Amino acid sequence: MDDLVVSCKGLRKYYADVKAVDGLDLSVIRGECFGLLGPNGAGKTTTIEILEGLTPANSGEVRVLGMSWSDDERELRERIGISLQETQLNEKLTVLETMRLFRSFYKSGLDPEELLRDLSLDEKRDARVGKLSGGQKQRLAVACALIGDPEVLFLDEPTTGLDPQSRLQLWEVVARFRAKQGTVLLTTHYMEEAERLCDRIAIVDHGHLIALGTPKELIARLEAPNVIEFTSDPIVAADALAEVSGFHGATRRGDGWLLRVDSLAVAVPQLIAIVERNGGRLGALSTHAATLEDLFVSLTGRELRDV
């Protein structure tokens with residue numbers, strides 16, 4: 001299929017007894033933003049490093065732009081851009097010198113100064129890399145990934161540790177790249193980032209694919225638009241929760257529950273009555289619209305983000 005840009009079949013990577021990736025099948029279509037979502041240790045970084053040609057797989061097939069890393073590495077390097085989870089740049093070079101250095105690695109590409117303007121780094125063109133803030137360094141790393149004018153952009157945890165403003169700036173960079181028909185494959189454990197940027201999302205855990213679809217399709221798997229999070233003393237028994245109208249399941253969290261329901265207006269009063277009827281006292285209670293994180297918790301019983 002001409003529109004298939006990145007794919008892997010039966011991908012496996014083991015480190016001693018640890019199965020980092022265990023039989024993963026994925027496909028990324030031209031022009032889409034495809035997200036790998038999961039907690040640290042889920043196999044996201046290992047997967048993307050294999051797709052980038054940085055780490056060899058134990059088994060499985062990988063194709064990027066219709067080519068393989070074993071036969072076409074040089075051409076592939078010219079046509080993709082990579083921003084690693086941590087990029088170590090020479091801190092003695094200036095921002096512009098760094099951009100010119102990376103531009104020299106490609107036969108053709110973008111104008112370094114124009115790209116700095118696009119990423120709001122033009123005012124830092126003569127600043128040394130070591131003097132940049134975390135957000136500026138991250139944008140510079142993405143600029144280095146874009147300097148060769150790639151067809152496919154790999155982003156591994158691009159906004160981890162950034163402040164909200166820097167995160168929004170990077171989201172805008174991704175949007176502009178996609179507006180030029182670029183294809184993006186990113187890893188993240190931020191549900192908001194995945195919902196905001198991605199056309200399709202693969203949720204992975206322990207090296208396995210556990211869910212795949214658009215953000216709306218995945219959230220719809222919960223079969224409930226709302227979630228009630230509450231604690232009580234004593235904890236309400238699981239079978240009592242099923243009495244709530246529009247109940248679609250519950251997941252234990254600490255001293256309480258996450259309850260998936262249709263209507264908050266109907267479910268909350270009923271829940272309070274159930275707690276009191278069972279001789280309990282309500283502790284904390286909060287509600288929110290169903291999210292990808294709720295789906296992950298319902299599938300695995302664990303939090304999407306590490307504590």
Side-chain angles (χ1 to χ4, degrees), residues 18-19 22 35-44 157 159-164 167 187-198 201-307:
V18 177
K19 297 180 178 180
D22 194 23
L36 283 176
L37 185 64
N40 290 337
K44 305 187 306 298
E157 303 280 5
T159 63
T160 296
L162 297 187
D163 59 85
R167 184 170 295 146
T187 71
T188 184
H189 59 257
Y190 292 118
M191 60 181 178
E192 181 187 2
E193 184 162 271
E195 291 182 36
R196 172 82 170 262
L197 296 180
C198 298
I201 295 166
I203 300 180
V204 294
D205 191 33
H206 297 303
H208 293 279
L209 178 68
I210 61 174
L212 175 67
T214 67
K216 287 185 178 180
E217 288 171 346
L218 292 174
I219 293 172
R221 290 180 57 171
L222 289 167
E223 299 181 340
N226 298 293
V227 175
I228 303 172
E229 182 175 357
F230 76 97
T231 61
S232 63
D233 184 20
I235 297 175
V236 178
D239 56 354
L241 297 175
E243 299 174 21
V244 173
S245 299
F247 172 81
H248 290 280
T251 304
R252 182 73 176 270
R253 174 183 278 180
D255 295 330
W257 293 91
L258 290 174
L259 207 65
R260 299 183 292 279
V261 300
D262 287 331
S263 170
L264 293 175
V266 172
V268 170
Q270 290 183 354
L271 175 61
I272 294 172
I274 290 171
V275 171
E276 293 176 347
R277 190 164 64 243
N278 284 271
R281 184 176 61 181
L282 194 67
L285 186 147
S286 62
T287 65
H288 61 265
T291 67
L292 290 171
E293 184 157 4
D294 296 313
L295 174 64
F296 187 84
V297 171
S298 74
L299 292 172
T300 68
R302 298 193 294 115
E303 299 293 323
L304 183 60
R305 288 192 215 180
D306 294 334
V307 177

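These numbers were taken from a predicted model, which means no experiment stands behind them.
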Engineer: Look at the side chain of Asn226 and the backbone N and O of Ala289, then say whether any donor-acceptor pair between them is shorter than 3.5 Å.
Structural biologist: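 No, because the side chain of Asn226 does not come within donor-acceptor range (under 3.5 Å) of the backbone of Ala289.
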Engineer: Taking all non-hydrogen atoms of both residues into account, name the closest pair between Val227 and Leu264 and its distance.
Structural biologist: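 Closest heavy-atom pair between Val227 and Leu264: O-CD2, 4.4 Å.
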Engineer: Run the numbers on Leu222 and His248 for side chain to side chain contact (heavy atoms under 4.5 Å, CB included), then give the verdict.
Structural biologist: CA-CA 8 Å; Leu222 289 167; His248 290 280; over 6 Å; no
Engineer: Partners of Ser298 by side chain to side chain donor-acceptor pair (under 3.5 Å), sequence neighbours excluded?
Structural biologist: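 Ser298 satisfies side chain to side chain donor-acceptor pair (under 3.5 Å) with no residue once adjacent residues are dropped.
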Engineer: Between Lys44 (side chain) and Pro39 (backbone), is there a donor-acceptor pair under 3.5 Å?
Structural biologist: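 At least one qualifying donor-acceptor pair exists.
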Engineer: Could you pull out the closest heavy-atom pair between Pro215 and Ala194, with the gap in Å?
Structural biologist: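 The pair with the smallest heavy-atom distance is CG-O, 4.4 Å.
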Engineer: Minimum heavy-atom separation for Pro269 and Ala265, please, with both atom names.
Structural biologist: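 What the structure gives for the nearest pair is CD-O, 3.1 Å.
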Engineer: Report yes if the side chains of Asp22 and His206 come closer than 4.5 Å at any heavy-atom pair, otherwise no.
Structural biologist: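 Sidechains of His206 and Asp22: no contact.
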Engineer: Check whether any side-chain heavy atom of Arg260 lies under 4.5 Å from a side-chain heavy atom of Thr251, and answer yes or no.
Structural biologist: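 Yes, at least one pair of side-chain atoms sits under 4.5 Å.
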Engineer: Which atoms form the tightest heavy-atom contact between Met191 and Thr291, and what is the distance?
Structural biologist: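 Of all heavy-atom pairs spanning Met191 and Thr291, the closest is SD-OG1, 3.5 Å.
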Engineer: With sequence neighbours left out, what residues match Asn278 under side chain to side chain donor-acceptor pair (under 3.5 Å)?
Structural biologist: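 Testing Asn278 for side chain to side chain donor-acceptor pair (under 3.5 Å), a comparison that skips the adjacent residues, returns none.
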Engineer: Are the side chains of Ile272 and Phe230 in contact, using a 4.5 Å heavy-atom criterion?
Structural biologist: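 Answer no - side chains too far apart.
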Engineer: Measure the shortest side-chain to side-chain distance between Lys19 and His208 over non-hydrogen atoms and say whether it is less than 4.5 angstrom.
Structural biologist: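 With C-beta onward as the side chain, the pair stays apart.
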Engineer: Does the side chain of Arg253 come under 3.5 Å of the side chain of Thr231 through a donor N or O and an acceptor N or O?
Structural biologist: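 Distance-only check fails for Arg253 and Thr231.
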Engineer: Do you know which of Leu241, Asp233, Val236, Leu285 makes side chain to side chain contact (heavy atoms under 4.5 Å, CB included) with Val275?
Structural biologist: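 Exactly one pass, corresponding to Val236.
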Engineer: Closest approach of Ala240 and Ile274, non-hydrogen atoms and distance?
Structural biologist: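 Scanning both residues, the minimum pair turns out to be O-CD1, 3.6 Å.
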Engineer: Going through the checks in order, is the side chain to side chain contact (heavy atoms under 4.5 Å, CB included) test met by Ile219 and Leu292?
Structural biologist: CA-CA 6 Å; Ile219 293 172; Leu292 290 171; 4.0 Å; yes
Engineer: Supply the atom-to-atom distance Arg167 CZ to Arg196 CZ, rounded to the nearest 0.5 angstrom.
Structural biologist: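 Going from the CZ atom of Arg167 to the CZ atom of Arg196 covers 11.5 Å.
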Engineer: So, using salt bridge (charged side-chain N to carboxylate O under 4.0 Å, His left out) as the criterion, who are the partners of Glu193 when residues are at least two apart?
Structural biologist: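 Per chain and number, Glu193 pairs via salt bridge (charged side-chain N to carboxylate O under 4.0 Å, His left out) with no residue.
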Engineer: To the nearest 0.5 Å, tell me how far Thr159 OG1 sits from His189 NE2.
Structural biologist: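 If we round to the nearest 0.5 Å, Thr159:OG1 and His189:NE2 are 8.0 Å apart.
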Engineer: Tell me, please, which residues at least two apart from Ser232 pass side chain to side chain donor-acceptor pair (under 3.5 Å).
Structural biologist: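 Partners of Ser232 under the side chain to side chain donor-acceptor pair (under 3.5 Å) test: none.
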Engineer: How many angstroms lie between CG in Leu212 and CD1 in Ile203, if you round to the nearest 0.5 Å?
Structural biologist: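 Here the rounded value is 9.0 Å.
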Engineer: Which atoms form the tightest heavy-atom contact between Phe247 and Ala242, and what is the distance?
Structural biologist: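 It is CD2-CA, 3.8 Å.
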Engineer: By the salt bridge (Lys or Arg N to Asp or Glu O under 4.0 Å) test, which pairs, at least two apart or in different chains, include something from residues 239-251?
Structural biologist: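 Listed by first then second residue: Glu243-Arg277.
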Engineer: Side chains of Leu271 and Val261, heavy atoms from C-beta outward: is any pair under 4.5 Å?
Structural biologist: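 A side-chain contact under 4.5 Å is absent here.
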Engineer: What residues, two or more places apart in sequence or in another chain, satisfy side chain to side chain donor-acceptor pair (under 3.5 Å) together with His288?
Structural biologist: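 Counting only residues at least two positions away or on another chain, His288 forms a side chain to side chain donor-acceptor pair (under 3.5 Å) with Asp294.
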Engineer: Calculate, to the nearest 0.5 Å, the distance between atoms CD1 and OG1 belonging to Ile201 and Thr188 respectively.
Structural biologist: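 That separation rounds to 9.0 Å.
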Engineer: Please test Trp257 against Ile228 for side chain to side chain contact (heavy atoms under 4.5 Å, CB included), starting from the C-alpha separation and ending with a verdict.
Structural biologist: CA-CA 8 Å; Trp257 293 91; Ile228 303 172; over 6 Å; no
Engineer: Say you draw a straight line from CG of Leu218 to CG of Leu295; how long is it, rounded to the nearest 0.5 Å?
Structural biologist: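 Result: 6.0 Å between the selected atoms.
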